[in-house]
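Report on one structure; see the data block that follows.
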Amino acid sequence: MNTHSEVAASDDFAATLVRWQRQHGRHDLPWQTGEAYGVWVSEIMLQQTQVQTVIGYYARFMQRFPTLAALAAADEAAVMENWSGLGYYARARNLHRAAREVMTRFGGDFPRTVDDIESLPGIGRSTASAIASFCFGAQAPILDGNVKRVFARVFGIDGFPGTRAIEQRMWALAHELMPARDGGPYTQALMDLGATVCTRNRPRCDACPVADRCVAQAQGRQRELPAPRPARVRPLRLVHALLLRTPDAVLLERRPGQGIWGGLLSLPELAAQTETEAQAEAQRWLAVRGLAADEVQTLPAVSHGFTHFELRLVPLLARLPGATQFAADSTLHWQPLATLATAALPAPVRRLLDAQTRTGHV
DNA sequence: AAACCGGGGTG
DNA sequence: CACCCAGGTTT
């Protein structure tokens with residue numbers, strides 16, 4: 001694996017990036033002090049938020065908790081207050097926990113080896129290596145989103161970098177390319193290149209120090225690499241619901257406080273898997289309450305994409321001729337069409353009702 | 001509306 | 001150990 005030419009090529013890659021970083025990279029970021037506590041805080045903030053936003057939060061956070069000992073001594077609420085607005089509070093809790101672990105396990109001195117750093121909560125391999133190379137001169141490669149993008153393009157690596165196989169290949173590459181010295185500047189160069197030149201959209205290949213050897217550039221495949229996450233196949237969830245109307249109102253049901261659409265108003269759900277079942281269930285639903293509709297009409301489904309599944313809502317329309325004796329209870333109530341606009345409805349239900357009450361005969 | 005992203009949780 | 005998710009923001 002270590003032919004002379006490959007070693008030379010690796011050294012050249014690193015040397016080229018480090019030269020470029022000296023001239024065109026970022027050197028004035030507030031956490032570029034080589035001081036482990038600040039570097040660590042910035043790395044955690046940068047996992048979730050862009051540099052421009054982090055700068056302000058970082059300054060305030062470091063003013064409030066100037067040292068690792070100060071952070072460890074603070075109570076969790078104070079940490080959360082100063083993280084407030086950044087989101088992802090689990091990371092703030094890990095930061096706080098890790099500060100306390102440094103006090104107890106490492107006597108207050110930030111650990112200096114990748115393995116010890118990685119043993120702290122909220123710090124994985126890549127973040128540990130970044131801290132070790134910036135602060136302790138370690139020759140430890142990182143592999144974050146920026147680096148994955150640079151590698152995929154420069155070396156023409158196909159396949160989604162989130163898969164085990166591609167990620168292992170990239171880690172191996174990261175180790176091969178790691179130079180014998182200048183670990184910090186090289187790591188910074190990779191980060192800067194990914195953040196400022198080899199960006200996801202509209203990469204500035206004319207400003208890239210390794211454009212001359214970039215596979216994506218040569219083949220015009222910058223937009224295809226890295227390969228995107230395969231579209232996840234979201235399971236289809238089919239839900240039948242009763243759309244019970246009078247000429248000027250619609251029956252809505254308050255959903256439970258927990259779970260999907262918690263606390264919002266929606267159509268009463270029918271326990272049914274098929275349209276036939278749903279029809280029967282709708283009739284039974286009405287009969288139990290002493291109601292009679294001329295017919296129950298199955299309307300076209302409305303779809304709504306959730307993170308984890310695709311919802312297809314099939315409305316079964318039943319019309320009552322006029323005001324009904326059927327009284328509301330704690331969860332069911334008649335919503336006047338006139339006030340529908342202000343009701344707390346999930347977006348797809350609102351779409352459905354808007355369409356139905358606009359085109360339906362009132 | 002979908003993509004993004006390191007670490008942690010889970011099966 | 002391999003995969004999947006949560007969580008806000010950006011595109």
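Throughout, protein chains are lettered first and strands after them, A, B, ... in sequence-line order, and every chain is numbered starting at 1.
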Between the main-chain N or O of A:Ala72 and the side-chain N or O of A:Arg100, is there a donor-acceptor pair closer than 3.5 Å?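 Yes, A:Arg100 side chain to A:Ala72 backbone: donor-acceptor pair under 3.5 Å.
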For [X], does the [atom1] atom sit with more than 12 other heavy atoms under 6.0 Å from it, leaving out its own atoms?
X	atom1	result
A:Asp294	CG	no
A:Gln23	CD	no
A:Arg181	CZ	no

Could you tell me the separation between the [atom1] atom of [X] and the [atom2] atom of [N], rounded to a whole number of Å?
X	N	atom1	atom2	result
A:Arg229	B:dC4	CZ	P	8 Å
A:Arg91	B:dG8	CZ	P	9 Å
A:Arg202	C:dT10	CZ	P	18 Å
A:Leu120	B:dG8	CG	C1'	15 Å
A:Met191	B:dG6	CE	P	9 Å
A:Asn146	B:dC4	CG	P	12 Å
A:Arg200	C:dT9	CZ	P	17 Å
A:Ile44	C:dG7	CD1	C1'	15 Å

Assess the side chains of A:Gln32 and A:Gln188: does a donor N or O sit below 3.5 Å from an acceptor N or O?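 A:Gln188 and A:Gln32 do have a side-chain donor-acceptor pair below 3.5 Å.
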Using a distance-only test with no angle check, is there a side-chain donor-acceptor pair under 3.5 angstrom linking A:Asp248 and A:Thr246?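 Indeed, the side chains of A:Asp248 and A:Thr246 share at least one donor-acceptor pair under 3.5 Å.
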Closest-nucleotide mapping onto DNA chain C: is A:Gly85 or A:Thr163 further toward the 5' terminus? I mean the 5' end.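 First, find each residue's nearest nucleotide; the 5'-ward one identifies A:Thr163.
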When the nearest nucleotide of DNA chain C is assigned to A:Leu86 and to A:Gln168 on a heavy-atom basis, which residue is associated with the more 5' position?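 It is A:Gln168 whose nearest nucleotide is closer to the 5' end.
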Tell me whether the side-chain N/O atoms of [X] come closer than 4.0 Å to OP1 or OP2 in [N].
X	N	answer
A:Thr53	C:dT9	no
A:Arg125	B:dG6	no
A:Arg149	B:dC5	yes
A:Arg164	C:dA2	yes

Among [options], which nucleotide sits nearest the side chain of [X]?
X	options	answer
A:Asp144	C:dG8, C:dT10, B:dG6	B:dG6
A:Gln50	C:dT10, B:dG8, B:dA3	C:dT10
A:Thr127	B:dG7, B:dC4, C:dG8	B:dG7
A:Pro121	C:dT10, B:dG8, B:dC4	B:dG8

Can you tell me, in whole Å, how much space there is between the P of B:dA3 and that of C:dC4?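 These two P atoms come out 16 Å apart once rounded.
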For C:dC1 versus B:dG6, give the span between their P atoms, rounded off to a whole number of Å.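 Result for the P pair: 23 Å, nearest Å.
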First encountered from the 5' end of DNA chain B, between A:Glu118 and A:Tyr88: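 That would be A:Tyr88.
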